[in-house]
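What follows is a single structure, written as structure tokens, with notes after it.
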Amino acid sequence: MSQAAPSLAPPASPRAALLVIDVQNDFMPSGRLPVADGDAVVPLINRLGARFANVLLTQDWHPADHVSFASRHAGRRPFEQIALPYGPQTLWPDHCVQGSEGAALHAELELPHARLLIRKGGDREIDSYSAFVEADRRTRTGLAGYLRERGIDTVYCCGLALDFCVAWSALDARADGFATAVIADACRAIDLDGSLAGAWQWMDQAGVHRVTAAELLR
Ligand SMILES: [Zn+2]
């Protein structure tokens, strides 16, 4: 059964935050883990950001030998799945290595009033799609506590990639009790073996709102 979706505080409310996920060079069309049309979200996210009092960013930020990299596992290729102690893990091309140009935020992202940047995936043995809880589903990033301490109860998610880091972050925001929306056209997806349809299905079931940028910008 689907959960009821709690109502969203509007963008300008001090109770609402825009969570801008992984708008980084390696996820752009010319990057090491390209998301088709990924750069198209940048101007839209800049416009959205201007409407929010609270803007937070995430940055995928891996050590060079991270467990999610196919190159760490002999005989394995990117986009295969393997079993890790915490569960199944999709393997990726090397991407967003700490301090690299690929890990940098897109140069045209303009969110000067953003207050917090969460770097995730920094443990070499644990991936983290979600901005809230790492892939072992136990290690927390501290983001939920930050939001609560600032009186924020509504999280709007945008960025890359919709069917992985955005979806996992939105699902965890809901699970932590936040009213949550995904701004669909301010995201782009990887869509690996039906992952995009699956992500929307889980988010619908969890009570994550699906909104458009136009609804928030008018
Ligand atoms: Zn990653």
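Remember, it's 1-based here, ligands and their atoms both numbered in the order they're listed. Positions are given from 1, in the same order as the sequence printed here. What you see is a predicted model, and the numbers here were worked out from it, not measured in a lab. These values consider heavy atoms only, across backbone and side chains, with no hydrogens, waters or symmetry-generated copies.
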Flag His95 as yes if one of its N/O/S atoms falls below 2.8 Å of the Zn ion (ligand 1), otherwise no.
yes
Which residue is it: Val23, Leu109, Leu116? I am looking for the one with a side-chain contact (heavy atoms from CB on, under 4.5 Å) to Leu57.
Leu109
From CA spacing to verdict: side chain to side chain contact (heavy atoms under 4.5 Å, CB included), Gln89, Leu84
CA-CA 6 Å; Gln89 170 71 47; Leu84 290 181; 3.5 Å; yes
If the cut-off is 2.8 Å, does any N/O/S atom of His66 fall short of it from the Zn ion (ligand 1)?
no
Is Asp60 close enough to the Zn ion (ligand 1) that one of its N, O or S atoms comes in under 2.8 Å?
yes
Counting only heavy atoms not in Asp193, do more than 12 sit closer than 6.0 Å to its CG atom?
no
Please confirm whether His95 and Phe69 have ring centers closer than 6.0 angstrom.
yes
